[in-house]
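First up is the structure itself, then whatever we jot down about it.
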Amino acid sequence: MNDIVFDLRNIIIDRPELQSKGKRAIFGVLTAGLWSFYLYLLLPLASLLAWWLGFTAVYEELVMRRGWEALLELIGVYGAIVLAMGLVQVSWALGNWLRFYGARDRRRERPQEVNQEFTDPLFLMDTGEFPVWMNAKRLVVHHHPKYPRITSVEAG
Amino acid sequence: MTDTFGTIGAILFGFAFYYPLFMAYNWMIGALYYFFHYEAHQGKVDQPPGLERYPGVTFLVPCFNDEKIVAETIEYLLQQKYPDFEVIAINDGSRDRTGDILDALAVKHPRLRVIHHAANQGKAMALTSGALLTPNEYLICIDSDALLDQHAARWMMWHFMSSTRVGAVTGNPRIRNRSTLFGRIQVGEFSSTAGLLKRAQRTYGRLFTISGVIAGFRKMALHQAGYWSQDMLTEDIDVTWKLEIAKWDVRFEPRALCWILMPETLSGLWRQRLRWAMGGAQVIFRHFRKLHDWRERRMWPIYLEYFTSMLWAYTMATTVILWGFGKLIEVPQALQVPTLLPGFSGVLIGITCMLQVAVGLLMDSRYEKGLFRYYFWMIWYPVAFWIINVLTTVVATPRVLMRRNGKRATWRSPDRGIHTT
């Protein structure tokens, strides 16, 4: 058997040239559209930076007219909500961890393993050949047309 | 009355815009907690911990019309660095040469066995047949187009050996095909949402779903849960809920890497995501009544998260429709949506998206070097994610409600993107 070498260069397929020119153009336009959308999101920040570059305007808009208050207020409210959510989540996680960690684990015994006795009801047939099926290289399996049950197994 | 209507409108619009923002922080906090609590101090991918015993493991590979890719999957799988394993490929009534290819591979490889279904039964039944016809108690299921990392089995078995409560462990799917915009966006998605979400959900206590493409199971847990359901569109979400309701622990192992092919066309992506959305809704409706039980309280956070995201999708769709109407006709003042992205809130949402992607990549870059080179493309994922999430949820929910109960789920050949083989 030839061993396969696990090399990400063989696994990852990053070959944009396999696309048609038309598709590449569409994706290019789509990407540009997404960038534009993102810049639209950041427009107020861009305005802020622009004002900052012209100090007089910044002073007038953000200090005299107290425009910065809107941003600070938002950051304060959002920050408080995020902090509250974070505290609730971490407390819940720590509480659960302390409760279930180590000695308090209620399922300490290794669970029983599934054997033929458990699976027999899933076969609508005689399962006398079960040990043979467990090692057969090739099996052909038939199912009930309506219920999810095996009706016949042929080995070989 | 108008004031009340206006207030309700304001609450709904606020919910539409701020839900993704706050959920992003919720996920980041949960994921970072998980990372520092469970992950950061563990070894590298190629240095899995030693186990006190190495029970036999069976890899189950359900196949349907996979003649082009199944040989590669099996050849990679047979390279597992685990002492005692077998591979069972289940040919679910394929109409192409899949069966012949598997039979030829089985002659060549002693560890490979093949089960042929006389007729097509669906993926759930294929997995169940494999589980019933192996003597091993531990099963690792991968899709027929996935390449499993050599050390994945050791990492997954480490969980089963470390706690008797563990019923299932899901691995970390990584995208192989990155030639197109869709492929690259999904590289970001699998770090900044899928990976982040699984870590965060482990912090809440329960996973919404394992990744069906790479999941390990304790057979007794599966048996108690009733194996995989035949009529569920996403058998992986369903089996996760069944296991968790049966009080089995379902874990995430980020070092169990599995390289997968994803759709690289819009139609392929839409079909896949619609199926996921329908499958999620189907599971939520099916298990709804069980959640009233106090003993199921650890399921409540993920149920709440899913239900809220469903509600959000409809709220967002309504908001966009009202905004669109407002551009065309006169709408009552209480229902007017002047802009979709208001001022500084837009800035914070934009920055949050960038931060979420960065946090997701940072955590996963431990397992895949050079991941940040996709940041340029990934930064756009949150926008695409929220849009597709709205559309698929809005379409999926009524479809699931109208779907006949018990109708068997069938295979569809997926879009596997640009593939070189």
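In what follows, chains carry the letters A, B, and so on, assigned in the order in which the sequence lines appear, proteins first and then strands, with residues in each chain numbered from 1.
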With chain A as the partner, which of B:Leu147, B:Leu112, B:Ile88 has the greatest number of non-hydrogen pairs under 4.5 Å? B:Leu112

Can you say whether B:Leu257 sits under 4.5 Å from chain A via the side chain, the backbone, both, or neither, judging by heavy atoms? neither

Run through B:Lys219, B:Glu86, B:Arg113 and flag the one making a side-chain hydrogen bond (donor to acceptor under 3.5 Å, both in side chains) with B:Thr134. B:Glu86

Testing the 3.5 Å rule here: is there a donor-acceptor pair between the side chains of A:Ser152 and A:His143? no

Could you look at B:Thr203 and say if it's the side chain, the backbone, both or neither that has a heavy atom under 4.5 Å from chain A? both

By residue number, those in residues 126-136 of chain A with heavy atoms under 4.5 Å from heavy atoms of chain B are A:Phe130, A:Trp133, A:Met134, A:Asn135, A:Ala136

Would you say the ring centroid of B:Trp27 lies under 6.0 angstrom from that of B:Tyr204? no

When you measure from the side chain of B:Arg165 to the backbone N and O of B:Asp249, does any donor-acceptor pair fall under 3.5 Å? no

Would you say B:Asn177's side chain and B:Met262's backbone share a donor-acceptor pair under 3.5 angstrom? yes

B:His151-B:Gln80 side chain donor-acceptor pair, cut-off 3.5 Å: no

Relative to chain A, which of B:Ile351, B:Ile175, B:Val114 shows the most heavy atom pairs under 4.5 Å? B:Val114

If you take the centroid of each ring, where Trp contributes its six-membered ring, are A:Tyr78 and B:Tyr25 closer together than 6.0 Å? no

Taking atom types as modelled, is there a side-chain donor on B:Gln201 or B:Glu305 under 3.5 Å from an acceptor on the other? yes

Side chain from CB out, backbone as N, CA, C, O: work out which of these in B:Phe160 comes under 4.5 Å of a heavy atom of chain A, or both, or neither. neither

CH2 of B:Trp228 to OG1 of B:Thr128: how many Å apart, nearest 0.5 Å? 5.5 Å

Mark yes or no for whether B:His109, through its side chain, and B:Arg111, through its backbone, hold a donor-acceptor pair below 3.5 Å. no

Side chains of B:Asp92 and B:His116 only: does a donor on one sit below 3.5 Å from an acceptor on the other? no

Given that the side chain runs from C-beta out, which part of A:Ile150 has a heavy atom under 4.5 Å from chain B: side chain, backbone, both or neither? side chain

Shorter than 4.5 Å, heavy atoms on both sides: which option in B:Leu222, B:Asp149, B:Asn136 has the most such pairs with chain A? B:Asp149

Non-hydrogen atoms of chain A under 4.5 Å away: do they reach the side chain of B:Pro301, the backbone, both or neither? side chain

Contacting moiety of B:Arg202, where chain A heavy atoms sit under 4.5 Å: neither

At a heavy-atom separation under 4.5 Å, does B:Tyr227 approach chain A through its side chain, its backbone, both, or neither? side chain

Under 4.5 Å to a heavy atom of chain B? For A:Leu94 that would be both

In terms of heavy-atom pairs under 4.5 Å with chain A, the winner among B:Arg218, B:Glu368, B:Arg174, B:His117 is B:His117

is_close_aromatic(A:Tyr147, A:His144), centroid dist under 6.0 Å: yes

Interface residue of largest heavy-atom contact number with chain A, from B:Asn91, B:Leu133, B:Ile115, B:Leu102, under 4.5 Å: B:Leu133

